[in-house]
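Just so you know, these numbers come straight off a predicted model, no measurement behind them. A, B, ... follow the sequence lines: proteins, then strands. Residue 1 opens every chain. Only this structure's heavy atoms are used, side chains among them; waters, hydrogens and symmetry mates stay out.
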Protein chains: 2
Amino acid sequence: MRKTRQKEAIMAVLRGTTSHPTADWVYSEVRKEIPNISLGTVYRNLRLLCQSGEIAELALCGNLSRFDARLDDHYHFRCEKCGRVFDVDELLTEDINDRVARKTGFVVEYHKIEFRGICRECQNS
Amino acid sequence: MRKTRQKEAIMAVLRGTTSHPTADWVYSEVRKEIPNISLGTVYRNLRLLCQSGEIAELALCGNLSRFDARLDDHYHFRCEKCGRVFDVDELLTEDINDRVARKTGFVVEYHKIEFRGICRECQNS
DNA sequence: TTAGGTGCAAAACCTTTGCCATCCC
DNA sequence: GGGATGGCAAAGGTTTTGCACCTAA
C-alpha cells in the first residue's frame with residue numbers, strides 16, 4: 001500500500017479522536033487539510049486501512065439491519081466465512097453491566113455480545 | 001397497531017427461522033405467500049414490530065460503519081440518546097470464548113461487546 | 001517507468017416516504 | 001366512516017465503481 005498525503009491525513013484524523021467517527025465525519029475533517037479530497041478516496045482508504053489492519057472497523061456493525069423474533073436475552077455468533085448469524089445461549093453470570101456502570105458513571109441498560117469465528121459447517125469445507 | 005395479513009406473514013417468516021434475516025430476505029420469503037407485497041410494506045412493518053417490541057432488531061448493528069484507530073482489545077458503549085460511542089476498558093477475565101466454543105463446536109476467534117445506556121452528559125439534560 | 005492512487009461523477013444499494021387506494025375496526 | 005395500512009414509485013442517504021489523470025516508488 002502506497003503512502004499518500006490523503007492516507008496520512010485520514011490516519012491523523014482517526015488518531016486524533018476517540019469518537020469512532022463515520023466515513024462522512026472523517027471526510028469533513030480531512031477536508032480542512034485537503035479541501036478537494038473526494039469522498040470516494042476517503043471510503044477507499046478506510047477500506048484499505050482496515051484490510052491492512054492499521055485501523056479497525058467497529059465489528060459490531062454490519063451493513064444490513066437484521067431482525068429477530070426471539071426476544072429473550074441471548075448472544076450471537078457470526079461466521080466470518082458464510083456470514084450467517086447463530087444464537088448463543090451461554091450467558092454471563094457476573095454482573096458486568098454494574099461493573100461498567102461503576103467505572104464509567106454511565107447508566108448501563110444492557111449489553112450485546114457478538115462472537116466471531118468459523119461455524120461448524122464452514123470448518124469442513 | 002392493526003392486524004393485517006402482511007404483518008402476520010412477516011411474523012410467520014421471522015418465527016420460522018433462526019437465521020436473523022435481513023429485510024430483503026424477509027421480503028423474498030413473504031412473497032411466496034403474498035406475491036404482490038411491496039418492499040416498502042416489509043420495511044414499514046419491521047419497524048412497527050420493532051417499536052412495539054414484538055421483534056428485535058439486532059442491536060449490534062448500527063446504520064453507519066464506524067472506524068477506530070485503536071487496535072487493542074476493548075469494548076464499546078453506545079449512548080442511546082446522543083448516539084456517541086465510547087471506549088470501555090473493562091475486560092472479561094474468564095475465557096468466555098472457550099466456553100462458547102466448547103458448547104457450540106464453532107471456532108471462536110474473538111468477541112465484541114457493546115454496552116447500551118445513557119452517557120454521563122445525557123443524564124444531565 | 002508504472003502500478004497504484006486520486007477526483008469526479010455516476011451507479012449501486014439499502015431504506016424511507018408521499019400519494020392515493022384499500023382495508024380493518 | 002374514518003383512520004391505519006398497503007402498493008407503487010420516487011427520493012434519500014451511504015457506499016462503491018469506472019475512468020482519465022496523476023504520483024509515489
Side-chain angles (χ1 to χ4, degrees), chain A residues 1-14 17 19-68 78 83-85, chain B residues 1-14 17 19-69 78 82-85:
Chain A
M1 191 170 59
R2 193 175 284 177
K3 187 166 96 178
T4 67
R5 204 157 77 85
Q6 289 83 348
K7 212 162 281 167
E8 310 230 295
I10 290 170
M11 279 307 290
V13 167
L14 284 175
T17 182
S19 72
H20 310 85
T22 61
D24 200 63
W25 187 89
V26 172
Y27 174 56
S28 70
E29 286 301 302
V30 171
R31 278 216 289 185
K32 294 174 184 167
E33 189 70 25
I34 309 177
N36 71 326
I37 193 174
S38 83
L39 184 56
T41 296
V42 172
Y43 273 105
R44 256 186 305 243
N45 279 321
L46 286 173
R47 193 147 42 83
L48 284 174
L49 290 165
C50 278
Q51 282 167 6
S52 77
E54 288 185 68
I55 64 172
E57 184 166 9
L58 293 204
L60 293 176
C61 303
N63 297 325
L64 303 180
S65 297
R66 287 164 171 270
F67 300 89
D68 196 347
R78 188 186 300 237
R84 281 184 298 176
V85 177
Chain B
M1 192 172 55
R2 197 173 279 177
K3 188 167 95 178
T4 66
R5 203 158 78 85
Q6 288 83 349
K7 213 162 280 167
E8 310 233 293
I10 290 171
M11 279 307 291
V13 166
L14 284 175
T17 182
S19 72
H20 310 85
T22 62
D24 200 64
W25 188 88
V26 173
Y27 175 56
S28 70
E29 286 300 301
V30 172
R31 276 216 289 186
K32 294 174 184 168
E33 189 70 25
I34 309 178
N36 70 326
I37 193 174
S38 83
L39 185 56
T41 296
V42 172
Y43 273 105
R44 252 187 307 246
N45 279 320
L46 286 172
R47 193 146 44 82
L48 285 173
L49 290 165
C50 279
Q51 282 167 5
S52 77
E54 288 185 66
I55 65 172
E57 186 166 9
L58 293 203
L60 292 176
C61 303
N63 297 324
L64 303 180
S65 296
R66 287 163 172 272
F67 301 89
D68 195 349
R78 188 187 300 237
C82 65
R84 280 185 296 176
V85 177

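If you measure from atom CD1 of A/I34 to atom P of C/dC8, you get 12 Å, rounded to the nearest angstrom. Put simply, CG on A/L46 is 15 Å from P on D/dT14, counting in whole angstrom units. At whole-Å resolution of the value, CD in A/E8 and P in C/dG5 are 14 Å apart. If you measure from atom CG of A/L48 to atom C1' of D/dT15, you get 14 Å, rounded to the nearest angstrom. Whole-Å rounding puts the A/I10 CD1 to C/dT6 C1' distance at 11 Å. Between the OH atom of A/Y27 and the C1' atom of D/dT14 there is a distance of 13 Å, given to the nearest Å.
Residues B/A23 and B/V42 share a closest heavy-atom pair of O-CG1, 3.8 Å. Counting all heavy atoms, side chain and backbone alike, B/P21 lies closest to B/W25 at CB-CE3, 3.1 Å. Contact between B/Y27 and B/S38 at its shortest, heavy atoms only, is CE1-C, 3.7 Å.
As judged by a 4.0 angstrom heavy-atom cut-off over every strand, B/N36 is placed among residues touching the sugar-phosphate backbone only. Note on A/I37: only backbone sugar-phosphate atoms sit closer than 4.0 angstrom, heavy atoms only; bases stay farther off.
Within the helix from C/dT1-D/dA25 to C/dC25-D/dG1, the inter-axis angle between the opening and closing five-pair segments is 40°, rounded to 10°.
Counting non-hydrogen atoms of other residues, nucleotides and ligands closer than 6.0 Å to CD of A/E33 gives a total of 12 or fewer.
Considering A/T41, A/T22, A/L14 as possible partners of A/L46, the one that fulfils the side chain to side chain contact (heavy atoms under 4.5 Å, CB included) test is A/L14.
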Could you pull out the protein-nucleic contacts involving nucleotides 17-22 of chain C (nitrogen or oxygen on both sides, under 3.5 Å)?
{"unit_1": "C/dG18", "atom_1": "O6", "unit_2": "B/R44", "atom_2": "NH1", "d": "3.3"}

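Look at B/N45 and you'll find a side-chain N or O under 4.0 angstrom from OP1 or OP2 of D/dG6. A close approach under 4.0 Å does not occur between any side-chain nitrogen or oxygen of A/Q6 and OP1 or OP2 of D/dT23. Residue A/T4 places at least one side-chain N or O closer than 4.0 Å to OP1 or OP2 of C/dT6. At the phosphate of C/dG5, OP1 or OP2 sits under 4.0 Å from a side-chain N or O atom of A/K7.
For the pair B/L48/B/E54, no side-chain contact is recorded, criterion being any heavy-atom separation below 4.5 Å from C-beta on. At least one side-chain heavy atom of A/I55 sits under 4.5 Å from a side-chain heavy atom of A/M11. B/D24 is not listed as a side-chain neighbour of B/V26, based on a closest heavy-atom distance of 4.5 Å or more.
Atoms CG and CD, from B/N45 and B/E8 in turn, are 10.5 Å apart once rounded to the nearest 0.5 Å.
Between the side chain of A/S52 and the main chain of A/L49, a donor-acceptor pair closer than 3.5 Å is present.
Nearest-nucleotide positions on DNA chain C place B/L39 closer to the 5' end than the other of B/L39 and B/R5.
In terms of polar N and O atoms assigned as donor or acceptor, the side chain of A/R2 comes within less than 3.5 Å of the base of C/dG4 in a complementary pairing.
Distance from the side chain of A/K3 is smallest for D/dA25 among the nucleotides D/dG2, D/dA25, D/dG7.
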